[in-house]
Amino acid sequence: MKAVELSKSYDPKEFEDRIYRQWVENGAFHPDPDGCSHFSIVMPPPNVTGILHMGHALNNTLQDIIIRYQRMKGLKTLWVPGTDHAGIATQNVVERQLAKEGLRRQDLGREKFLERTWQVKDRHHEIITSQLKKMGCSCDWDHERFTMDEGLSRAVREAFVTLYERGLIYKGQYLVNYCPKCGTALADDEVEYENMPGKLYDVRYPYADGSGFITVATTRPETMFGDVAVAVNPDDERYRDVVGKELLLPLTDRRIPIIADSFVSMEFGTGMVKITPAHDPNDWECGRRHGLEAINLLNADGTLNGNVPQKYQGMDPVSARKLVVEDLKDAGYLVKETDHAHDVGHCYRCHTIVEPYLSDQWFVSMKGMADKALKALRDGDIVFYPKRWENTYVHWMENIRDWCISRQLWWGHRIPVWYCRKCGKMIVSRTDVTECPDCHSHDLEQDPDVLDTWFSSWLWPFSTLGWPDRTPDLETFFPTSTLVSAYDIIFFWISRMIMASEEFTLKAPFRDIVITGLVRDKQGRKMSKSLGNGIDPIEVIDLYGADAMKFTLCYLAAQGQDVQIDMDSFKMGSRFANKIWNATRFLLMNAEGRTLVDIDAGMLSVMDKWIYTRLARTIETIDRAMAGYRFNDAAQAVYSFFWNDFCDWYVEATKQRLLHGSDEEKDLSISIMIDLLSKSMRLMHPFLSFVTEEIYQRLPGSTGMLISQRYPQVDPAFDFPVEEALVGSLQEAVRIVRAARSQLGIAPEKRFGVVIRPSKDFTGTSLFIGEKELMASFMGASTLTIDVDSSVDVSQAYPSSALGYEVFCFVKEAIDIDAEILKLEGEIRKAEKNLEGTMRKLSNPQFLQNAKSEAVEKEKGKKAEFEEVIAKAKDHIGLLSRLK
RNA sequence: GGAGGAUUAGCUCAGCGGGAGAGCGCCUGCCUUACAAGCAGGAUGUCACAAGUUCAAUCCUUGUAUCCUCCACCA
């Protein structure tokens, strides 16, 4: 057989792109039509505002691992990729560009602005998909979607109109969170609160009848022009008599009443609150309870409007506050100001201070949907990994508020509502409307607002599969199997997808919800553009390769925990990929000219049996880990199997046979190794996709692509637990001699005699005798004698002990006898202490009664073990003393 | 004000009822014809603190401390 040679050093650049192209060209990412059952994932669509960061890399790495694993398990797998139009965020990007040219979006007009935004979308989309490909994501590109493509736009309209028809969408004037910079309403959860220093102002409001004044406390004196009352707690003894009296609002001459409402805290401030319904959510509620008017003070750009005195008009609230405070002070109304830190809402996109703003908006009524979503969890239709996120989910669902879905933006799905300019009729429609059904006028105007981005992404798991049509894809792949997402969008996205799915399809959108941690830098800070501490996945790939990145992330991704990394972290994965490469290179070198033979269990040596058994245990570990989405456990299992078991022990043990054996031995040996290597490639493929594919295709006997091969399963004919344990003893003996050599400072090239003296009941004696040469070579021993009956005189040797046997090294000249005796005495003390603990347990009747029988047996075993250690150590001290 | 997470080797983190682990770093010795991105050996831990449950606690319960998230919010 002519073996293919691997290039001398591992260079992922040489093959990663080529392999990816090959996968795509061969349709390897398409669902296997013959797959037994389906397995599907929809990718959380990245925003087209930017490029992918490490969080995306982690997220998509884990999805790719799951998908590749399930695909190799023989399932019909589909991974749907796509991108999100990200309304506010993308519009902001374009507006920033325009600002650099000194333009506003209004200067371009809606149509031109959208054209430009589509260009930005296209550019970022291009980058994002190329990044996903570089990472090796095995998503089905034929299924790629965009939240504003034609099909998804239709789904959005369908959802909107259906909800409207069910009475779950309504329009009205409400107090909403409003970002003056973005010029749009925001949903409650799009507001981020930040603690900021501020002042609490005590302001006098005089009675209208001139009989004195009361004092209110406020952090926002500039909103006083919108005050419609002052409220006190009805149980507040201090103010019982003043309820119902009228006040004169300072700086104006408006009269407002004092009312009683139990939301007012008696402890805070003066116990008197100014009620400004148009500018505070609590006041809004209070105003509604008392039938009070709401006076809006703001323009759409966040400046003060005509409802405030002339001199403040057009100012922004912060500057107006200063001036109002000055004026109050001058007029003698300001009693005092105290420092008062409080949380101020900011826009999650542009970080401007958000104002409560009274405006006409569209809302979705959420309560009923939340109940269904809660039921889905209770019924076990959805399961969170890790489980603790269920609390967060339940808490949010139980406290849900109606969702403001209209945005005063241009980029997004236009609200499918038309108004007749002639008769004023409102038409909600799935299709574009050109004629009023009532008055037949053609003078119609579509609602200028667009929908919240999340109103399209909450449909993602089924809209991407063809909903509202009952497509074959929808029939086959919905509900999807698993969702992988970071915890920061549980509310925005995950919860809402569950609600939408239950509402529109009567099913949960996915069963398993895998919540990943966030990627942080080594200082534990979230990676962000503003901090400049982000790591670019592409830079990692350029430096170390996609496999190195993927494997490292997987290895570090303990379920739900944040991962802290820097550029150097990826060396770990890189070294591992390099190790795989070189091990393969060695085997292929030795495959040159050999004839591969079929392997059956009868041909196996004890080391062969051992490594096959290690493989079986590793497969089990990975299956268990993957079933529970414990990716780090799976990564650890493949790492230690391949590196520690396969390379360090098995390949080393087999080298003699491979390099110096007979032709038959060489043929058999290389055949087994190629088989193991091939299985290892399958085993590792989900975690290191490129390098395993590249290697697999060069292995003799390989057919097709690795990506489409079956995942290894435990083969009972190649599972030898007894031999596995015996080789464990053999390894221990080797370690003892190596350690003795190292600790006694004996040069590597120095060879010496070793005697192993097994105890009578040791089960490994015949194995040791059979593998004498192998052990001697591992130990660097010149001779190895294994002698149960102790006919060899060991009085001149350096003694060590293990469970079941003793090891004697003939290196008398190197021994520091006194130091060794001290060491042995230490060992005895330690063993005696351990023995004491064990004896305490064994003499405790409660332990014998209550503990599991395995625990008792183990304890008995330990007793014998400690006794053996002590006896041998004492014996060895005797031997060493005689050496003096 | 609620909820959750973290606290284990110098660093980053696994483990989570029955004798403390990994990677990196460090020390010692080796370029042993796959790999110096390597091989062999080694050192390092009151498993945050305090009580409790248990025959047995790094692991379960409660409390404390420090750090970090999220949610709610009294002007």
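Note that the coordinates shown come from a computational prediction; the quantities given were computed from them, not determined experimentally. Computed over heavy atoms, backbone and side chain alike; hydrogens, waters and symmetry mates excluded. Below, chain A is the first sequence line, B the second, and so on; all start at residue 1.
No hydrogens or angles were tested; on distance alone, a donor-acceptor pair under 3.5 Å links the side chain of A:K579 to the base of B:C35. Counting distance only, with no hydrogens placed and no angle test, the side-chain atoms of A:Q559 and the base atoms of B:A14 include no donor-acceptor pair under 3.5 Å. Counting distance only, with no hydrogens placed and no angle test, the side-chain atoms of A:N578 and the base atoms of B:C35 include no donor-acceptor pair under 3.5 Å.
Between the CD1 atom of A:I736 and the P atom of B:G42 there is a distance of 11 Å, given to the nearest Å. Nucleotide B:C13 holds its P atom 10 Å from the CZ atom of A:R520, rounded to whole Å. The distance between atom CG of A:L842 and atom P of B:G18, rounded to the nearest whole Å, is 18 Å. Counting to the nearest Å, the P atom of B:G18 and the CD atom of A:Q849 are 21 Å from each other. Atom CG of A:N391 is separated from atom P of B:C70 by 17 Å (rounded to the nearest Å). In this structure, the CG atom of A:D227 is 15 Å from the P atom of B:A75, given to the nearest Å. If you take CH2 of A:W396 and C1' of B:G4, they are 18 Å apart, rounded to a whole angstrom. Rounded to an integer number of Å, the gap from CZ of A:R741 to C1' of B:G42 is 16 Å.
When heavy atoms are screened at a 4.0 angstrom cut-off, A:A851 is found touching base atoms of the nucleic acid. Among the protein residues, A:N632 comes within range of the sugar-phosphate backbone only, with heavy atoms under 4.0 Å from sugar or phosphate atoms but none that close to a base. Residue contacts shown for A:E398 are absent, as no nucleic acid heavy atom lies under 4.0 Å away. Residue contacts for A:V563: at a heavy-atom cut-off of 4.0 Å it reaches no nucleic acid atom on any strand shown. Contact annotation for A:K387: no contact, since no heavy-atom pair falls under 4.0 Å across all strands. If you check every strand for non-hydrogen atoms under 4.0 Å, A:D488 touches nothing. Residue contacts shown for A:S574 include a base, since a base heavy atom lies under 4.0 Å away. Across all strands shown, A:K852 has heavy atoms under 4.0 Å from base atoms, whether or not it also approaches the sugar-phosphate. Residue A:F576 is out of contact with every strand shown, counting any heavy-atom pair closer than 4.0 Å.
Residues A:A548 and A:F570 approach most closely at CB-O, 4.0 Å, considering heavy atoms. In terms of heavy-atom proximity, A:A781 sits nearest to A:R751 at O-NH2, 3.1 Å. A:F690 and A:D547 make their closest contact through N-OD1, 3.0 Å (heavy atoms, listed as atom of the first residue, atom of the second, distance).
The A:Y487 side chain lies nearest to B:U69 when the options are B:G41, B:C70, B:U69. When each of B:C35, B:G4, B:C73 is scored by its nearest atom to the side-chain atoms of A:R388, the top-ranked nucleotide is B:G4. Nearest nucleotide to the side chain of A:E859, out of B:G18, B:C55, B:C24: B:G18. Side-chain proximity of A:A739 to B:A34, B:A75, B:G42: nearest is B:G42. The side chain of A:A217 approaches B:A75 more closely than any other nucleotide in the set B:A14, B:A75, B:G25. Proximity note for A:P748 (side chain, C-beta onward) versus B:G18, B:C39, B:G29: the nearest is B:G29. Nearest to the side chain of A:E652, among B:A37, B:C35, B:G38, sits B:C35. Here B:C13 is the nucleotide among B:C13, B:G38, B:A34 with the atom lying nearest to any side-chain atom of A:Q564. Relative to the side chain of A:M572, the nucleotides B:A40, B:A34, B:G23 differ in distance, and B:G23 lies closest. Relative to the side chain of A:M589, the nucleotides B:A75, B:A34, B:G41 differ in distance, and B:A34 lies closest.
Considering only heavy atoms from C-beta on, A:V737 comes within 4.5 Å of A:V807 through its side chain.
Aromatic pair A:Y385/A:Y629: centroids less than 6.0 angstrom apart.
A cation-pi arrangement is absent between A:R401 and A:W284 under the rule of less than 6.0 angstrom and at most 45 degrees off the ring axis.
If you take atom P in B:U64 and the same atom in B:C11, they sit 28 Å apart, rounded to whole Å. Straight-line distance between the C1' atoms of B:G23 and B:A37: roughly 14 Å, to the nearest whole Å. For B:U58 and B:U53, the P atoms lie 16 Å apart once the distance is rounded to whole Å. Comparing the same atom, P, in B:C68 and in B:C73 gives a spacing of 23 Å after rounding to whole Å. Annotation: B:A65 and B:C49 have their C1' atoms spaced 7 Å apart (nearest Å). Across B:A3 and B:U61, the matching P atoms stand 15 Å from one another, rounded to whole Å. When the P atom is used for both B:C59 and B:G25, the distance is 32 Å, rounded to whole Å. For the P atoms, the distance linking B:A20 with B:A48 amounts to 15 Å, nearest Å.
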Which nucleotides of RNA chain B pair, in dot-bracket form (Watson-Crick or G-U under 3.5 Å, | meaning another strand) = (((((((..((((....[..)))).(((((.......))))).....(((((..]....))))))))))))....
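For the side chain to side chain donor-acceptor pair (under 3.5 Å) with A:T223, the qualifying choice from A:K274, A:E355, A:H279 is A:K274, the only one to do so.
In this pair, A:H340 and A:H342 present their aromatic rings parallel. The plane angle is below 30°, not in the 30 to 60° band.
Atom OG1 of A:T516 is separated from atom CG of A:L58 by 5.0 Å, given to the nearest 0.5 angstrom. Once rounded to the nearest 0.5 Å, the distance linking CE of A:M549 with CD1 of A:I535 reads 10.5 Å.
Comparing A:K862 and A:L587 against RNA chain B, the residue whose closest nucleotide sits nearer the 5' end is A:K862. Of the two residues near RNA chain B, A:D633 and A:A747, the one whose nearest nucleotide lies more 5' is A:D633.
Donor-acceptor pairing under 3.5 Å is lacking for the side chains of A:D189 and A:Y348.
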